[in-house]
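The first residue of the sequence shown is numbered 1, and numbering continues consecutively from there. Whatever order the structure lists them in is the order used to number ligands and atoms, beginning at 1.
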Amino acid sequence: MKHTKSLNFNIKTQFILLFFLTTFVKSLFSQSNITIVIESSDYAIALQTDNSKRLWHTYFGQRLTLPNEYISISKQLRYYERNEDYYNHAYTPSGTWNIAEPALRVMHADKNPSTELEYLSHVTTKLKDNIVQTVISMIDPLYKTEVQLFYKVYQKENVFEQWTVIKNNERGNIELKKYASANLYFRNKDFYLTQYHGTWATEMQPETHRLTAGIKILDSKLGARANLYAPPTFMLSFDEVATEDKGKVMLANLAWSGNYRFDFEKDRYDNLRLIAGANPHAAEYQLAPKESFETPHLIYAYSENGKGEASRNIHRWARKYRIFDGEGDRLTLLNNWEATFFDFDENKIVNLFDGAKKLGVDLFLLDDGWFANKYPRNDDNAGLGDWQENKKKLPNGLGYLVKNATEKGIKFGIWIEPEMVNPKSELYENHLDWIIRQPDRKEYYYRNQLVLDLTNPKVQDHVFGVFDNILTKNTDIAYVKWDCNSIIYNAYSEYLAQQNLPQSHLYMEYVKGLYKVFERVRSKYPIIPIMLCSGGGGRVDYGALQYFGEFWISDNTAPVDRVFMHWDYSHFFPTIAMSAHVTNWDKTASIKYRTDVASMGKLGFDIEVDKLNKDELKYCQEAVKNYNSFSDTLWKGDQYRLQSPYENSFASFQYVDEKKNKSIMFSYLVNNRFEIIYSVEPVQLKGLDFSKKYKVKELNLFPNTTTPIDETVVYSGDYLMKVGLNPKISRERKSVVLEVSAVK
Ligand code: GLA
């Protein structure tokens, strides 16, 4: 009885409360409120001011046909007019009305931690054909702190780039305690986050899960090689997990080679707040009067037609607008790292040139171990930082090697890691103050090394100088592999201390210093290809890729692992940027399988060519020729992930050129279990022209083997896309490369 009574009471109270709330819910918005619409070809973000000039997200989704109708969206929203129920601010401040995760936290000059933001103005400009930028200005009415939200939209690709500029208009210093790049708001039934994790040799392991109430944080605090454990990259599916061709999906990357943080907060309406930017952890940033602070840029592609379309769009965007020489060509190469490690001399290297020549690749890449004399670089314990040729290994210097290679008709490239230092080095002995370390504490090392303090302009000169000296002395060097193997321990900068600047600037200034160096490198060397390497894929982001044309996916070159990594990386980055080498990491795989896998990236070899038998060599030579014949389609065409290695015993990928005349299909067996070793059924192709006719040819056949594919049949595009093609994968045919060409 008592129980029923209290239940009645509860229901009654709730009813009254609800009545009270709904009766008093009035629109925050009136007709005079400002509506801002940020549109791409197919999608739109709408924002609107309320009567107190606060700016709210009112829409994220498909572009509306009638522009006027964005104005009335707010009338459909019935959020309670109570402070604790506001979640959709365009750039959520803290210390005033907001009690959710903020995008911005400021300690003002008088030590007051509160901020309010009022809409001031906005302007939309067409920067170039296809690029439209909107800048929204907001101001704190009390402290006059200014915030500008930037939205740069690449129309055709449906790619959005967002960042923020914060300006101090006070008389004293202010401290930024949180400074997100973007703050977005999504209203959907459910949200599924695909995040990536790993460590050395296991990059990009995906994990997808439904977001639940509360905050999910993805972040890095490693400083340098910042995405060793998790890249600043995620995929967000809306309502349900997106497939290749269905579903609403966002593919995002923070263009920043340092610490980052993504907050995914599901609020009490079950909507999602996304706050993304540099990690404010131990990184409070002081701004002097009149100074401005620009955040890193968040890049995302959005699609309501599945992740395949979103990927193709971000690839196109990256090639056209972001990656260094994204629409250019690339060099195939032979690298000596896995062939020799540190154990080589001049003669051994010169002999390897013949291997490059035999294979038919463009370039020979000399890896780690060529430098340092007092502490020779014979392993990874010593010498890093001392960039003079090791006299014992290279008595005639790099010049001799470059000359020799050139005479043999191949180009020469070189490995450097200029941001780092071994404690066993002359650089360490002479410039202790150039190193990030705690002066009075024990040193901690990652791969026996420390990170140079790039906040210091002298260190920037040094790092630039390493590159510049090598290239000035050896003008024919045609390629550089730029490595970065250590994370930051003992974060402390002697330079910042000397300048009386806060230590908490270190993480920000390190990356800014790094980018200054990259800028200098690129303004003096605007053409040379540079590979972005960080002990594998420890630094892959669209900030660094402005300066680099390709990145090293992983030190793990086991081909099966690479199929999976390629699958995951390919969601965000185009194949032209993904370096893939044939190595001996996994000798259980045939040279054909290894080469067929590497042929789907930017092809290189890292083997002793002399150790190949006659057939293997013949096969590799043919594979290089084939690669050269289809690389244009691979690098510049559209990618279709046909069949996932996660859900099938074999994976299939396809690349199609713009005119739909040429396509390459790669298939790889990834499972050796007895019962599933055949491709039982055809795989439907994509991206072809329904009305064109195509013939199919198998490439990269191993000598003395024949193809079971009937190459005389002419198929319609219609058939290939509706019925498909069986690559005839089996234990004996673990990898199959098929060329599909249009016929008249
Ligand atoms: C890193 C790179 C490798 C190789 C070594 C050299 O681990 O990822 O490819 O260059 O350094 O020390």
Subject >> Protein heavy atom at shortest distance from atom 10 (O) of ligand 1 >> reply: D367 OD1, 2.7 Å
Original post:
Which protein heavy atom lies closest to atom 11 (O) of ligand 1, and at what distance to 0.1 Å?
Top reply: D483 OD2, 2.9 Å
Original post:
Looking at ligand 1, does any of its N/O atoms fall within less than 3.5 Å of an N/O of R447?
Top reply: yes
Subject >> W337: numbered ligand 1 atoms lying under 4.0 Å from its heavy atoms >> reply: 3 (C), 4 (C), 5 (C), 6 (C), 12 (O)
Subject >> Test item: L334 and L365 side chains (from C-beta on) under 4.5 Å apart, heavy atoms >> reply: no
Original post:
What part of E417, side chain from CB on, backbone N/CA/C/O, both or neither, has a heavy atom under 4.0 Å from ligand 1?
Top reply: neither
Original post:
Does atom NZ of K458 have more than 12 heavy-atom neighbours from other groups under 6.0 Å away?
Top reply: no
Subject >> Which of the ligand 1 atoms, numbered from 1, are nearer than 4.0 Å to a heavy atom of D368 >> reply: 6 (C), 12 (O)
Original post:
Between H566 and F653, how do the two ring planes meet: parallel, tilted or perpendicular, split at 30° and 60°?
Top reply: perpendicular
Subject >> E426/K374 ion pair, N-O < 4.0 Å >> reply: no
**OP:** Report the C-alpha separation of N700 and D596 in whole Å, then their side-chain angles, then the decisive distance to 0.1 Å, and conclude whether the side chain to side chain donor-acceptor pair (under 3.5 Å) test is met.
**Re:** CA-CA 7 Å; N700 289 7; D596 285 354; 2.8 Å; yes
Original post:
For ligand 1, which atoms have a heavy atom of G535 less than 4.0 angstrom away?
Top reply: 1 (C), 7 (O), 8 (O)
Subject >> Closest approach of any protein heavy atom to atom 7 (O) of ligand 1, naming residue and atom >> reply: D555 OD2, 2.7 Å
Original post:
Step by step, would you call E389 with Y400 a side chain to side chain donor-acceptor pair (under 3.5 Å)?
Top reply: CA-CA 11 Å; E389 291 100 326; Y400 172 80; over 6 Å; no
**OP:** Just jot down the ligand 1 atoms closer than 4.0 angstrom to any heavy atom of G536, in number order.
**Re:** 8 (O)
**OP:** Give me the ring orientation class for F234 and F262: parallel if the planes are under 30° apart, tilted from 30 to 60°, perpendicular past 60°.
**Re:** perpendicular
Subject >> Which segment of D380 sits under 4.0 Å of ligand 1 when only heavy atoms are counted >> reply: neither
**OP:** List the steps and the verdict of ring-ring contact (aromatic ring centres under 6.0 Å, His included) for Y479 and F412.
**Re:** CA-CA 7 Å; Y479 181 95; F412 185 86; over 10 Å; no
Original post:
Taking only heavy atoms of C533, which atoms of ligand 1 are found under 4.0 Å from at least one of them?
Top reply: 2 (C), 8 (O)
Subject >> I435 and Y428, any side-chain heavy atoms less than 4.5 Å apart >> reply: yes
Original post:
With a cut-off of 4.0 Å, which atoms of ligand 1 are near a heavy atom of K481?
Top reply: 3 (C), 4 (C), 9 (O), 10 (O)
Original post:
So which bit of H581 gets within less than 4.0 Å of ligand 1, heavy atoms only: side chain, backbone, both or neither?
Top reply: neither
